[in-house]
Number of protein chains: 4
Amino acid sequence: MNEGRMPGRPRSEASRQATLMAALELAAEIGYGRLTIEGIAARAGVGKQTIYRWWPSKADILLEAGAAKADLRVPVTDHGSYRADLRAFLEASYQMASHPGLADLLRALMAEAQIDREFGDRFRAAFLERRREALAVIIDRARERGDLPARPAPGIVADIVFGTIWYRTLATRRPLDADLVDDLIGLLAPTS
Amino acid sequence: MNEGRMPGRPRSEASRQATLMAALELAAEIGYGRLTIEGIAARAGVGKQTIYRWWPSKADILLEAGAAKADLRVPVTDHGSYRADLRAFLEASYQMASHPGLADLLRALMAEAQIDREFGDRFRAAFLERRREALAVIIDRARERGDLPARPAPGIVADIVFGTIWYRTLATRRPLDADLVDDLIGLLAPTS
Amino acid sequence: MNEGRMPGRPRSEASRQATLMAALELAAEIGYGRLTIEGIAARAGVGKQTIYRWWPSKADILLEAGAAKADLRVPVTDHGSYRADLRAFLEASYQMASHPGLADLLRALMAEAQIDREFGDRFRAAFLERRREALAVIIDRARERGDLPARPAPGIVADIVFGTIWYRTLATRRPLDADLVDDLIGLLAPTS
Amino acid sequence: MNEGRMPGRPRSEASRQATLMAALELAAEIGYGRLTIEGIAARAGVGKQTIYRWWPSKADILLEAGAAKADLRVPVTDHGSYRADLRAFLEASYQMASHPGLADLLRALMAEAQIDREFGDRFRAAFLERRREALAVIIDRARERGDLPARPAPGIVADIVFGTIWYRTLATRRPLDADLVDDLIGLLAPTS
DNA sequence: TGCTAAGCGAGACGGTACGTCTTGTCTTCCG
DNA sequence: CGGAAGACAAGACGTACCGTCTCGCTTAGCA
């Protein structure tokens, strides 16, 4: 649909990259709370209007920057059993949530999603739902194998898994650890 | 230690109440994102300085207002078994999270706790830790009864319980429901 | 040095004019003491920052507004004699000091010059010194004509002339009148 | 009518003195522009209300403090001639205006008199008119002696004398000096 | 000796204005 | 026409003082 050349000067990829980079750096240096559009524009050497033209809010800049930096796909390769698949998924997740810069970014985006409803919808679609879909692949595979416990229901497994990860990130600020992974697997994919 | 009268004009309880009330009302009407200290002061008929003198941020006003409104103690009365105690606790929690005004308030406070580190510490101490302590009472009672499963460890039970509740509140915006309560109990306090 | 176009949006002449006008009107209506930058901005339909960007204080706004309104050059045209030149100068001055709005403005600026040292320097340079220079032209001309009394010295003539005008304005609030003009001329430029 | 003792606790002379002293010291240290009633009360160890009970503005405190400190009567003792009386008066005046603390105080009070009309009336009555009356004594004595020039009229002499002194104080910030005294006497009380 | 009345230090109150910061829009010139 | 620069209107921020109002406590004269 986009193959026909657009009229006028094309969007500057350099400005886009500079903006995303500046937003990530500034957020890391001064924190999301003190992040401003003016600051990002100044750091990036970019006009403010250029930012307003392409992103609806500073949270959207970070969402795109985060998506670009850490391509957030989690491995859903087949490890032979639901239990092994789940362990791999959880360990990848806790790797991710343990990276301090990334954890700070996710905290800020989840916070903004509560305050700005419209960004919340975009964040859910662009991040939260993708993560649930990744887990859904594992669960579907287990169901086909006949490997999946009757309870809890698939959606509730996701609520428990992601709930625990997010609660650790947002409320206790302790990262996910190996003990918690073991306990979750013991509960959700028992051996017997 | 404080019973000796302080010198100077005593704090006005009327102003305190008016501020808390105004903050709750305005947050409900226009949302936390558009809430301002100026607006609260105007609605309450109170000087801005009076607010700044007693609360460090608008989130702290809402924290105190929420604590005053819904005295957040959850029932930890003894229902005879860990399973019954846990069910009562979860049902009370999901009652609370289902109250739309209260859920919005908690979302906003959890969001602010991510953005403002110092408020985060106060929020954790005044709300999150109290909730964990309530659950700890139930778990201790179960341990004394010999009613408590070996795994998961008590702290992790709390992470799973509160994680699931908060994830539903923050990420899916669907309240806790009876199915989820059943599944959680099935996992954490199995019958056999 | 400035002829090359500046980058960015140029200063809005409309905002500048509106600010000067609003300041003069408000000062006339409510008096200098009750004049506020917020009020000027509101009346002018201008952002506060636009005012702070271009003027260091409300007194400077009025100084510029006054300079713009009554272009304060006094006639120094040659009337043939020191006596006639001096009379013309004094009569123009007392015309000016008799205009009630202008007298109020000058009173306020002289007052502010006492309280704010830095504005005092600007006021001296932009107004008081210019007036002394105008009188100096008359005195120089008289000296060339051989028309100038030996005493008092030129600088002291200025102190006496302007001192009397300002004292009437500030201390007695009676404007300069014809009698005082006659007496000053009789003293400073006697006939014999 | 007031000689009968008032009921209630009498005014504290200690608080009055502390207030006047604190006002003078603070004005000298930080300048009239940054002087505040709160600051005076704090420095004096006095309640704000105690100040508001007795003085209508900070300028009135300084007016009373100045009057107390330098009792401002100028010598009007008879020196035998108008010329000698005038010289004594001018020299006493320029002594006064040369004292830097006092000059700053007078500048501030004259400035405030322009901005606050009601204080202006009090300042005129308590200070400016008294000074004119002192000069009037000298002029009356000269008239009785037959020593007084026909022109300028007595009131205009005062305008010229005080005008010159104040102009030097307010506009040029150079104190009155011996040359100016000589020239003024030469003009207003010529020898022949 | 106790009562009444006003002044006292302290400090919170409702407000106003400050000067700064940020937002999102606009207006210019350059490439 | 996209982009950098930067001025613009709007308005919230947190601070400083304002002038007023309670407090509990003197400190006097009057009973």
Honestly, is C/Arg11 close enough over C/Trp54, meaning NZ or CZ under 6.0 Å from the six-membered ring centre and within 45° of the axis? yes

Calculate the interatomic distance between B/Arg16 atom CZ and E/dG14 atom P; express it in whole Å. 14 Å

CD1 of C/Ile51 versus P of E/dA17: gap in Å, rounded? 14 Å

Below 4.0 angstrom from OP1 or OP2 of E/dG9, is there any side-chain N or O of D/Thr50? yes

Are OP1 or OP2 of E/dG7 and a side-chain N or O of D/Trp54 less than 4.0 angstrom apart? no

Is the phosphate of F/dG2, meaning OP1 or OP2, less than 4.0 Å from a side-chain N or O of A/Ser15? no

Atom CG of B/Leu26 and atom C1' of F/dA12 are separated, to the nearest Å, by 14 Å

Return no unless some side-chain N or O of A/Ser12 is found under 4.0 Å from OP1 or OP2 of F/dG2. no

How close do D/Leu170 and C/Arg124 get, heavy atom to heavy atom, and via which atoms? O-NH1, 3.6 Å

Could you run down nucleotides 21-27 of chain E 5' to 3' and tag each one B, S or - for protein heavy-atom contact under 4.0 Å? BSBBBBB

Check B/Ile115 against A/Gly33 and note the closest heavy-atom contact, atom names and distance. CG2-CA, 3.6 Å

Which distance, rounded to the nearest 0.5 Å, do you find between the CD of D/Glu118 and the OG of D/Ser57? 10.0 Å

How long is the line joining CD1 of D/Ile40 and P of F/dG19, in whole Å? 11 Å

Quick one: D/Arg53 CZ to F/dG19 C1', roughly how many Å, whole number? 13 Å

Report the distance from atom CD1 of D/Ile30 to atom C1' of F/dA16, rounded to the nearest whole Å. 12 Å

Closest non-hydrogen atoms of B/Leu109 and B/Ala59, given as atom of the first, atom of the second and distance, are CD2-O, 3.6 Å

NZ or CZ of D/Lys58 within 45° of D/Tyr32 ring axis and under 6.0 Å: yes

